[in-house]
Amino acid sequence: MTFTIDPTEAAQSGRIRWTDSVDEAVAVLASDNDARPVGGGVWLALRRREGAPIGTLVPLDHLPGLTGVREEGDELVIGAASRLADLESDPLLRTHWPALADAVGAVGTARIRRLVTIGGNLAAADETHDPPVALAAAGAVMTVRTQDGTRKVPTTNRLAPGELIIDLRLPRSRALVGSAYEKFLVRGLWEYPCVHVAAVVELDSAGDLMRVDLAVGSVREAPYLVDLSDLTGHEPNRELIEVAAERSRQLTPRTDAKGSADYKQQMIAHFTRRALQSAISRARHIPARPGGTA
Amino acid sequence: MTTEIAPPAIQAQQLPSGIGTAVRRIDADEKLTGRAIYAADVRLPRMLYGAVLRSPHPHARIRSIDTARARRLPGVHAVITSADTARRKWGAFRPDLYPLAVDKVRYVGDEVAAVAATDLETARLAAALIDVDYEPLPPVLSLDEALADGAPLVHDDAPGNLAHEFGFDRGGTEEWFDRSDVIIEGTWETTRQWHAAIETIGCTAEWSHGRVTMWVNTQTPFLARQRYATALGEPLRNVRVIQTDVGGGFGGKSGDDNTSVICAILAKKTGRPVQLVNSREEEFLASRPRIPMRYRVKLGFTRDGRVTAKDIDVLADNGAYTGKAQAVLGAATVRHDVLFNYRAVRARSRLVYTNLVPTGAFRGFGNPSADWAVGQAWDLAAEKLGIDLPDLFLLNAVESGSISPHNHKVNSCELKQCIEKVTTAIGWREKRANRRPNRGLAMGCSVHVSGRRSFGDYDGSAAMVRVADDGRATVIIGEGEIGTGARTTLAQIAAAELGIPVEDVTVTRPDTDLTSHALGALASRVTYVAGNAVQRAAQAACQQLLEAAAKQTGVPASELWIADGHVHGHNPEGQQLRTPVGTIARAALYQPGGEPIVGLGSFDNPSEFPDEVRYGNESGAYNFVAEAAEVEVDPDTGAITVHEVAAVVDCGTVLNPPLAEGQVEGAIAQGLGMALTERFHWADGAPEDPTFSAYKIPTAGMMPKLHVQFADSYEPTGPFGAKGVGEIALDPIPAIISSAIADAVGVRVTELPITAEKIFWSLHPATTQGNAAHPRSDKEDPS
Amino acid sequence: MPDLVRFTLNDESTEVHVDDPTATLLDVLRHKLALTGTKAGCEIGYCGSCTVIVDGRAVPACLQMVGLLTGSNVRTIEGLSSPEGLDPVQNAFAECAGFQCGFCTPGHVMALRALLDQEPDPTEEQLDATVDGNYCRCTGYAKIADSARRAAELERITRRRRLEKQEENA
């Protein structure tokens with residue numbers, strides 16, 4: 001018996017292409033339109049189950065130099081193929097960027113964090129993911145490789161096909177810088193966030209705000225950076241935090257099982273307050289009261 | 001000899017060894033090593049895998065189905081539609097479900113076509129390649145839509161979309177309300193809750209010589225067999241059902257859905273074994289979740305706190321097809337009335353078709369919906385009467401000898417003991433004396449059956465106990481194990497009666513060809529009903545052993561006894577006899593006219609088959625619970641933390657404490673899920689994301705501190721004094737959590753689930769709602 | 001052409017021919033290798049019933065692409081007990097009635113096994129955090145938490161005995 005198979009009816013079968021170096025991996029990505037890098041493969045495994053074609057996967061985490069956290073000059077450098085489980089307890093990351101360490105530790109369960117890489121988590125460009133929100137508030141950049149070379153772009157940029165994230169770079173922490181990540185689990189158990197917010201502040205020697213960055217997740221594809229630049233130069237007091245909360249409350253989240261859009265707006269404002277208070281406290285080297293309010 | 005009836009405490013002390021102790025489960029090794037065979041673990045030579053194509057519409061006419069593309073896919077062996085079925089409607093009480101949709105689909109998830117292929121991925125891919133031309137019809141997606149004048153009909157033979165209705169007025173309700181000083185009224189609603197057993201529903205089927213064997217993870221092999229035969233258009237004798245290991249039941253695997261039926265049809269069509277197992281998404285779309293009910297309740301009390309009358313009006317969302325929903329509605333209407341000394345009760349109950357996923361049996365069987373409403377009404381009553389809730393309960397609680405308005409005859413009853421003990425366990429008085437901000441406390445009670453006469457005038461069980469010449473006993477019974485440890489407790493009962501170690505007892509799996517008829521694991525019945533049957537069978541086997549030993553030794557049977565697997569006694573010379581039971585069994589066999597040791601035992605629940613208006617003593621024994629909880633609310637977010645839950649259960653003698661505790665602890669977790677976490681966001685008649693991502697069952701991290709105790713109790717009709725324990729601890733939990741939240745922050749939630757959001761809006765009424773009146777579409781810019 | 005994936009499975013070197021190396025380890029274990037002790041509960045990484053140990057770490061087999069396992073060391077529930085008896089973690093679940101239907105149990109057992117391999121003397125917080133990820137619909141978790149604590153005790157006892165035996169032999 002012969003079968004006439006319509007190619008669209010054949011099961012999409014994926015391939016794995018092992019390489020020995022970043023150069024070779026980049027070359028494969030450039031030569032094969034269906035090729036993409038893979039870290040833990042979690043996000044791709046989920047898409048595969050939904051029936052999405054997978055194409056050629058180029059594994060990364062065995063390649064030298066793509067894992068671990070290191071200091072390089074004024075920067076903290078995180079290898080893109082580092083697993084979240086390793087990052088959440090990394091002493092360098094926890095010291096310099098507690099908000100990012102918290103966001104990394106907030107992803108799914110420990111089981112999943114053992115598979116997921118930070119580069120993969122970011123490259124998935126999924127609005128519900130935790131680390132991209134903290135990275136956005138921190139002003140992190142990513143080193144991106146193509147066959148044409150290397151460039152550094154903000155982590156909020158979308159990747160083009162063939163691009164490979166090599167590492168993520170954040171400034172090393174300085175005195176008077178504080179960061180915080182708040183994820184609201186509305187049902188009291190682990191899931192994607194009801195709302196999630198990251199805040200980064202820097203104070204001057206007088207205690208006034210030099211810098212304030214606030215990123216909100218799950219309101220659009222990329223983390224949304226709330227413009228608070230007009231608040232710099234002022235004392236970070238309750239009124240100022242209210243201005244920030246009111247501004248973040250204007251975002252339009254989506255109604256789902258975790259809450260209505262209306263409720264989420266109120267919660268974005270609430271957790272904006274908490275994240276800012278916590279970041280300000282950390283900048284002042286005062287431990288934040290857990291769950292405390294101004 | 002004294003003829004006095006010993007009080008429970010004394011009787012409990014007389015329990016034989018192995019009863020009331022933490023006996024290790026007899027199935028521990030296979031379940032801990034991964035060797036237990038669940039539905040999806042069955043592997044047969046040449047086995048194919050099935051997949052089902054389901055309706056994406058809540059209500060539509062099927063214009064045509066084109067299976068050509070699916071058939072062409074390599075690896076596909078069969079594609080079936082209703083044309084390949086007997087086109088016969090089936091259902092436990094009201095046959096209205098076809099194995100595959102005929103002409104119309106009635107909910108998102110309705111089975112339309114199915115595929116068998118060499119592997120699961122191919123089967124699922126092929127199912128997606130079936131082209132169905134639908135003509136969408138206007139659906140009814142809520143109770144109100146279904147009951148509206150001129151509403152579209154879900155089934156043409158159900159005018160007004162009513163699947164079932166009944167009512168009664170017992171004891172002169174109006175007169176009692178007239179004589180009441182305090183009236184409490186309110187309406188409470190529940191929502192669909194899924195069993196979410198970690199193992200989904202599944203079947204493997206194989207035909208041979210015109211008979212089909214179905215390996216199914218069903219709770220009720222014999223009842224399921226009957227329905228499958230109807231659905232397949234086969235005589236009963238052509239269907240054999242064998243129970244696999246069951247990865248959690250909770251009512252969800254009691255054979256009201258189409259998965260096994262479709263599996264058998266695919267196996268017939270292909271002439272090969274076929275395995276069909278629900279994906280998690282299918283389990284959410286097309287299993288039989290808990291019935292949402294809108295429950296209006298009116299209670300009357302005298303000034304001093306005596307309850308007078310209760311009036312209820314219940315609307316239940318049947319979904320698109322009727323499984324056990326009408327029986328569940330019956331329980332939701334009458335069961336609670338066993339609990340308190342109501343003088344009069346009146347009810348009107350209606351089961352309503354909608355174009356939503358069909359509903360059915362779920363642990364508690366209607367009780368949690370009744371308790372959600374009536375339990376909160378009692379909490380309001382205590383407040384209005386100015387009587388502390390435990391005192392109000394104690395004032396009205398039933399006792400042994402009580403008879404409900406529906407003729408439920410209460411045998412053993414330690415409800416008052418449960419209330420008193422739970423008051424202490426939660427620290428009620430201390431917590432009341434030292435109130436803390438945003439913390440609240442509440443209590444609730446419930447009653448459940450130990451078996452229920454509902455599938456005809458039989459709620460019995462029969463067992464054989466065989467003692468072989470190796471000294472081991474085999475309990476042959478059709479009841480089975482769904483995770484509760486039932487096989488272990490049945491083994492304990494047999495071992496205790498026989499005087500052999502429990503490790504020497506095997507309990508068979510249900511197989512409709514081999515074991516006697518059994519109703520299965522439902523209505524908290526196995527310990528009580530099957531336990532009695534096993535006890536009687538073991539007694540008969542024991543008697544046979546003793547008589548055989550008497551013949552063999554010359555010592556009268558009345559002077560012999562069995563302990564530690566040996567027959568003991570003294571011969572006429574006064575010498576001690578100690579012979580292994582296996583030796584006795586072998587000697588009984590190997591002699592002219594030899595016979596095996598096989599005891600037969602049978603027990604029918606001493607209950608009445610309730611009439612069409614639910615009058616009748618539905619069970620021979622009733623179990624009781626009192627529970628209490630302390631919660632805390634975060635006023636900024638509305639988020640709820642449950643700190644402590646205490647439960648005291650009257651289930652008669654506790655045969656195996658860790659197993660009984662496990663039933664209570666698991667039931668509390670499911671009750672907390674029903675109350676707080678388990679929900680979907682719905683769109684167009686279906687859950688938007690039918691996975692564990694949206695539907696959250698409780699995890700270890702959210703569990704409160706638990707205080708689980710048992711009342712000192714003894715049920716005279718139970719095996720060693722035992723009653724059922726499987727369901728009851730779930731029933732009052734949602735109402736207790738709601739009342740505790742009301743106690744904490746003054747917000748009374750009337751619709752399940754309780755969400756942080758509902759509490760938040762009640763606490764912040766001035767906060768503007770409606771800012772995001774136009775929820776963005778996925779790609780819309782938020783600015 | 002099928003891909004060949006080589007890895008160590010329950011201490012034996014294993015070669016699997018797969019048509020699609022992006023297939024999940026769960027699928028390959030259950031359908032190619034007839035190791036059905038690893039359970040499919042949700043297939044999206046939520047329930048934990050498919051937890052296996054890969055290179056010493058407990059991960060969900062439903063999200064682990066088999067082709068990425070080349071050279072890895074994989075342990076499943078089938079590799080845990082030996083002819084001498086059950087693993088201390090398994091014994092703990094039996095002693096504490098830490099399972100009911102048993103379907104989620106292999107996942108819980110493997111997660112705790114991985115923890116004890118890494119942390120022979122874990123804190124209560126580590127034990128609770130390990131249990132928290134895995135769903136169970138039967139037990140309400142109280143007896144799983146008891147089992148986890150007991151598993152840590154039995155692990156300490158087992159290790160001490162092993163050490164004593166080694167010293168005796170030496």
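In this text the structure is predicted, and so the values were computed from the model without any measurement. Naming: A, B, ... by sequence-line order, numbering from 1 per chain. Values below: every heavy atom of this structure, side chains too, minus hydrogens, waters and symmetry copies.
- The 12-atom threshold is exceeded at CZ of A:Arg15, counting heavy atoms of other residues, nucleotides or ligands nearer than 6.0 Å.
- When the shell of 6.0 Å around CG of B:Asp684 is examined, it contains 12 or fewer heavy atoms from other residues, nucleotides or ligands.
- For the atom pair OG1 of B:Thr699 and CD of A:Glu191, the computed distance is 10.0 Å after rounding to the nearest 0.5 Å.
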Worked verdict on B:Glu757 versus A:Cys194 for side-chain contact (heavy atoms from CB on, under 4.5 Å): CA-CA 11 Å; B:Glu757 175 166 1; A:Cys194 174; over 6 Å; no

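- The two residues A:Leu189 and B:Pro698 make their nearest non-hydrogen contact at CD2-CA, 3.8 Å.
- The number of heavy atoms from other shown groups lying within 6.0 Å of NZ (B:Lys758) is above 12.
- Across every non-hydrogen atom of A:Asp256 and B:Glu688, the tightest pair is CB-OE1, 4.4 Å.
- Of all residues spanning residues 668-680 of chain B, those with a heavy atom less than 4.5 Å away from chain A's heavy atoms are B:Leu676, B:Thr677, B:Arg679, B:Phe680, arranged by number.
- With rounding to the nearest 0.5 angstrom, the CZ atom of A:Arg49 is 8.5 Å from the OG1 atom of B:Thr691.
- If you measure heavy-atom distances from B:Thr755 to chain A, you find no contacts under 4.5 Å at all.
- Considering every non-hydrogen atom in both A:Tyr263 and B:Thr637, the closest pair reads OH-O, 2.6 Å.
- The minimum heavy-atom distance linking A:His270 with B:Asp636 is given by the pair CE1-CB, 3.2 Å.
- Side-chain atoms of B:Lys696 come within 3.5 Å of backbone N or O of A:Trp190 as a donor-acceptor pair.
- Not a single donor-acceptor pair under 3.5 Å links the side chain of A:Tyr192 to the backbone N or O of B:Ala694.
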